4 protein chains.
Amino acid sequence: MAKLQKSIDKRNALINATIALVNNNGFHATPMSKIAKMANVSPATIYLYFENKQDLVNKTYIDVKAQYTAYAFANFDESMSVEQGFEHIWKRIADFKLNESESAMFLSQCDNTPIIDEPSLQEGIKHLQPLLDLWERGKQEGLIKPISDYLLYAYAINPLSFLMIAQKRGTFKLDQKQIEEAYEAAWSSIKN
Amino acid sequence: MAKLQKSIDKRNALINATIALVNNNGFHATPMSKIAKMANVSPATIYLYFENKQDLVNKTYIDVKAQYTAYAFANFDESMSVEQGFEHIWKRIADFKLNESESAMFLSQCDNTPIIDEPSLQEGIKHLQPLLDLWERGKQEGLIKPISDYLLYAYAINPLSFLMIAQKRGTFKLDQKQIEEAYEAAWSSIKN
Amino acid sequence: MAKLQKSIDKRNALINATIALVNNNGFHATPMSKIAKMANVSPATIYLYFENKQDLVNKTYIDVKAQYTAYAFANFDESMSVEQGFEHIWKRIADFKLNESESAMFLSQCDNTPIIDEPSLQEGIKHLQPLLDLWERGKQEGLIKPISDYLLYAYAINPLSFLMIAQKRGTFKLDQKQIEEAYEAAWSSIKN
Amino acid sequence: MAKLQKSIDKRNALINATIALVNNNGFHATPMSKIAKMANVSPATIYLYFENKQDLVNKTYIDVKAQYTAYAFANFDESMSVEQGFEHIWKRIADFKLNESESAMFLSQCDNTPIIDEPSLQEGIKHLQPLLDLWERGKQEGLIKPISDYLLYAYAINPLSFLMIAQKRGTFKLDQKQIEEAYEAAWSSIKN
DNA sequence: CATGAATGAGATTTCATTCAT
DNA sequence: AATGAATGAAATCTCATTCAT
């Protein structure tokens with residue numbers, strides 16, 4: 001295996017350990033030593049890849065957020081109609097939240113606490129542009145309510161986080177039928 | 001001032017300090033010593049009122065959750081029509097999230113991280129029953145979609161948390177017009 | 001009940017609580033608050049009867065040591081022969097160590113650690129005089145080895161402490177037959 | 001110096017500091033910080049070698065007890081006669097108690113208080129077997145009283161602890177003549 | 001690059017003692 | 001005399017980070 005690859009593997013192992021431990025124990029109960037142990041490296045090695053703990057968690061956030069958006073827009077095509085496009089993206093996001101629930105949980109935790117610093121939060125938001133563009137088109141075509149993107153996101157996308165957490169906690173199960181119902185609710189809330 | 005009152009005041013001061021500091025710094029960066037300082041007591045005094053840090057944050061959660069539901073259902077009357085009742089409760093909750101944003105932030109942080117233990121989370125959920133009863137009535141009258149309460153909550157109520165956080169971060173401002181738009185979106189998403 | 005009596009009762013309750021707790025947990029794990037709780041008084045009340053923790057444990061030691069020697073010499077009569085007198089005292093001490101094992105344990109702990117201050121240790125030794133006098137007589141009569149009282153005590157009396165602790169720990173049981181054997185060993189070790 | 005050696009040195013420094021401080025101040029007045037200072041390491045370093053304070057004192061006890069028995073049985077040879085063997089071991093133990101009085105004091109403190117946990121006490125007892133075997137032989141040959149090993153130990157060996165403490169406290173001096181007297185008393189107490 | 005050992009700084013928690021009542 | 005509440009000081013232990021190898 002090439003040296004570079006080994007390096008990337010270690011970085012990934014650290015990122016994954018961070019996600020798993022922060023999800024299960026919370027940021028406050030995730031010491032660097034545990035992260036190192038789970039990633040099978042020495043604590044000192046972490047500092048070869050990241051400046052400090054804050055940097056590690058920031059970078060983890062940015063990485064995961066990038067995965068999330070890449071997943072969301074895979075196979076999306078700007079030639080799709082607004083409704084087709086929205087359904088496509090929405091279902092990709094639903095898939096991500098339910099199948100990649102470790103990653104989704106981590107994002108949810110970061111987005112609701114002050115553990116990520118402001119610049120990294122900004123960095124994470126960047127990649128949502130295609131969805132915003134789609135909504136813009138929808139508004140112009142009169143298909144989507146002419147309201148703030150924040151409102152659209154709050155009603156069309158964010159509820160999936162709540163459902164993912166409920167499912168993770170075991171109090172609720174999202175099967176195919178309920179995903180359809182959720183999509184209905186999402187579309188109803190933003191369509192004109 | 002009576003002894004009992006002084007005791008209650010101290011407990012409240014501790015709860016409030018906990019909310020403020022956890023909101024601003026996160027649980028991991030909120031030492032007991034800072035909480036004590038902010039509440040104007042000695043660190044040792046905290047342990048007269050709470051067993052340990054975990055207990056303090058659990059009890060804070062339960063307290064705040066109780067305030068939240070009390071606020072939500074104030075002046076609610078089961079004789080109201082389903083739509084009237086829903087609008088009433090929804091707007092109370094919106095008021096709470098936007099006016100009592102410190103409390104709301106704290107709840108959001110607790111509901112998205114593993115800092116509160118399971119029994120306390122359960123304790124906190126108890127008081128939502130009137131809303132669930134209203135939805136049940138709505139379903140029977142054919143006014144509300146016959147879907148899981150989790151889905152209804154995810155779309156009708158939870159988006160307010162997202163909007164509250166966005167507003168707190170200063171990236172977005174919820175004024176009267178947008179509250180009406182949000183209400184429209186909420187109602188659209190769950191009405192039949 | 002007279003006021004004075006109530007006062008004495010409280011003092012005794014404190015002394016007894018100290019003995020029980022130090023025996024079971026050791027001095028280092030016996031906080032004043034636990035002593036107070038066990039004696040059914042407020043922590044502050046302890047300071048009405050004793051200057052501080054050191055004073056409490058010193059006084060407890062002196063009290064128990066006095067009980068011990070009183071018990072040891074009860075019914076002893078200087079007109080007894082040396083051997084009769086020794087057997088009498090020895091058996092009283094054996095009785096004390098085995099029946100009043102709480103008290104005996106406490107003394108043993110104090111005599112083998114630096115928890116009691118020097119003046120109180122001295123105070124505790126005082127009352128052994130009758131035994132030393134008996135030995136003196138025994139030496140003059142040629143019945144007892146002409147060796148230091150420390151040696152006599154080490155071999156004739158102190159082994160009972162070891163046996164008491166072994167019994168307390170449950171690894172060994174001292175019944176009547178073994179007490180006789182122990183007496184034999186004690187007498188053999190010091191008799192001329 | 002090899003890494004391993006430095007590690008062993010640090011562990012030993014910690015063990016020795018523990019012995020010295022517990023002897024002089026008692027367990028309750030021996031904070032980890034003092035132990036660290038005396039061993040010339042940071043308090044945090046203690047936790048690389050021992051799990052916690054209880055573990056440190058347990059391990060110290062086991063170490064010292066092992067030294068004690070190794071010392072006691074050095075040059076002992078099962079081909080010796082019972083009386084020769086006993087005298088040999090007894091004098092080795094006397095040497096240890098008087099020359100290695102720091103270690104002996106520590107053992108005495110541990111054996112008379114609840115500071116060592118049960119498993120570690122058990123661990124410490126293991127190594128006395130050669131003495132018990134010798135006594136067994138003595139009983140079969142009719143040279144030693146047919147009584148419990150606990151009684152034999154209480155009278156033949158344990159008095160040395162009492163004498164060692166008395167000497168340490170300065171109230172009594174064990175010179176060569178008195179050691180012979182003590183040996184006489186010990187042997188008298190257990191011989192048939 | 002990689003590490004294990006080490007640690008300073010600080011976290012949580014305990015406790016002997018005091019004080020207003 | 002008696003107390004419960006309060007606390008300053010200190011105890012145990014943790015952890016992010018560094019450094020010699």
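Throughout, a chain's letter reflects where its sequence line sits, starting with A, and its residues are numbered from 1. Values in this document were obtained by computation on a predicted structure and should not be read as measured data.
Between Ile46(D) atom CD1 and dC15(F) atom C1' there is a gap of 16 Å when expressed in whole angstrom units. The nearest whole Å value for the distance from the CG atom in Leu14(A) to the C1' atom in dA2(E) is 12 Å. Distance CG (Asn40(A)) to P (dC1(E)): 19 Å, rounded to an integer number of Å. If you take CG of Leu56(B) and C1' of dT12(E), they are 12 Å apart, rounded to a whole angstrom. Atoms NZ (Lys6(D)) and P (dG4(E)) sit 16 Å apart, rounded to a whole Å. Following rounding to the nearest Å, Lys34(D) (NZ) and dT12(F) (C1') show an atom-to-atom distance of 15 Å. Atom CG in Asn25(D) sits roughly 15 Å away from atom C1' in dA11(F) (whole-Å rounding). At whole-Å resolution of the value, NZ in Lys37(B) and P in dT7(F) are 14 Å apart.
Screening residues 32-60 of chain A for ring pair (Phe, Tyr, Trp, His ring centres under 6.0 Å) gives no qualifying pairs among residues at least two apart or on separate chains. A side-chain hydrogen bond (donor to acceptor under 3.5 Å, both in side chains) check over residues 22-36 of chain B, counting only residues at least two apart or in different chains, returns the pairs Asn23(B)-Glu102(B). Annotation: salt bridge (charged side-chain N to carboxylate O under 4.0 Å, His left out) contacts involving residues 11-30 of chain B, sequence neighbours excluded, comprise Arg11(B)-Asp63(B). Pairs passing the salt bridge (charged side-chain N to carboxylate O under 4.0 Å, His left out) check and including a residue from residues 42-60 of chain D, sequence neighbours excluded, read Asp55(D)-Lys59(D).
Residue Tyr49(A) places its side chain closer to dA2(E) than to any other of dT3(F), dA6(F), dA2(E).
Judged by distance alone, the side chain of Glu100(A) and the main-chain N or O of Gln67(A) form no donor-acceptor pair under 3.5 Å.
Side chain to side chain, Asp117(C) and Ser120(C) meet the donor-acceptor criterion of an N or O pair below 3.5 Å.
Counting only Watson-Crick and G-U wobble pairs whose two key distances fall under 3.5 Å, DNA chain E forms stems of three or more stacked pairs at E:2-21 with F:2-21.
For Ser161(C), the side chain to side chain donor-acceptor pair (under 3.5 Å) partners two or more places apart in sequence, or in a different chain, are Lys97(C). Residues that satisfy the salt bridge (charged side-chain N to carboxylate O under 4.0 Å, His left out) test with Lys37(B), not counting sequence neighbours, are absent from this structure. Scanning for side chain to side chain donor-acceptor pair (under 3.5 Å) contacts around Glu123(D) gives Lys126(D), with sequence neighbours left out.
In this structure, Thr45(A) reaches the dT3(E) phosphate: one of its side-chain N or O atoms is under 4.0 Å from OP1 or OP2. Using a 4.0 Å cut-off, some side-chain N or O of Lys10(C) falls inside it from OP1 or OP2 of dA2(F).
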Next on the checklist: Treating primed atoms plus P, OP1 and OP2 as sugar-phosphate and everything else as base, which nucleotides of nucleotides 14-21 of chain E get B, S or - for protein heavy atoms under 4.0 Å?
Outcome noted: BBSBBB--

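In this structure, Phe50(C) reaches neither bases nor backbone, as no heavy-atom distance under 4.0 Å exists between it and the strands shown.
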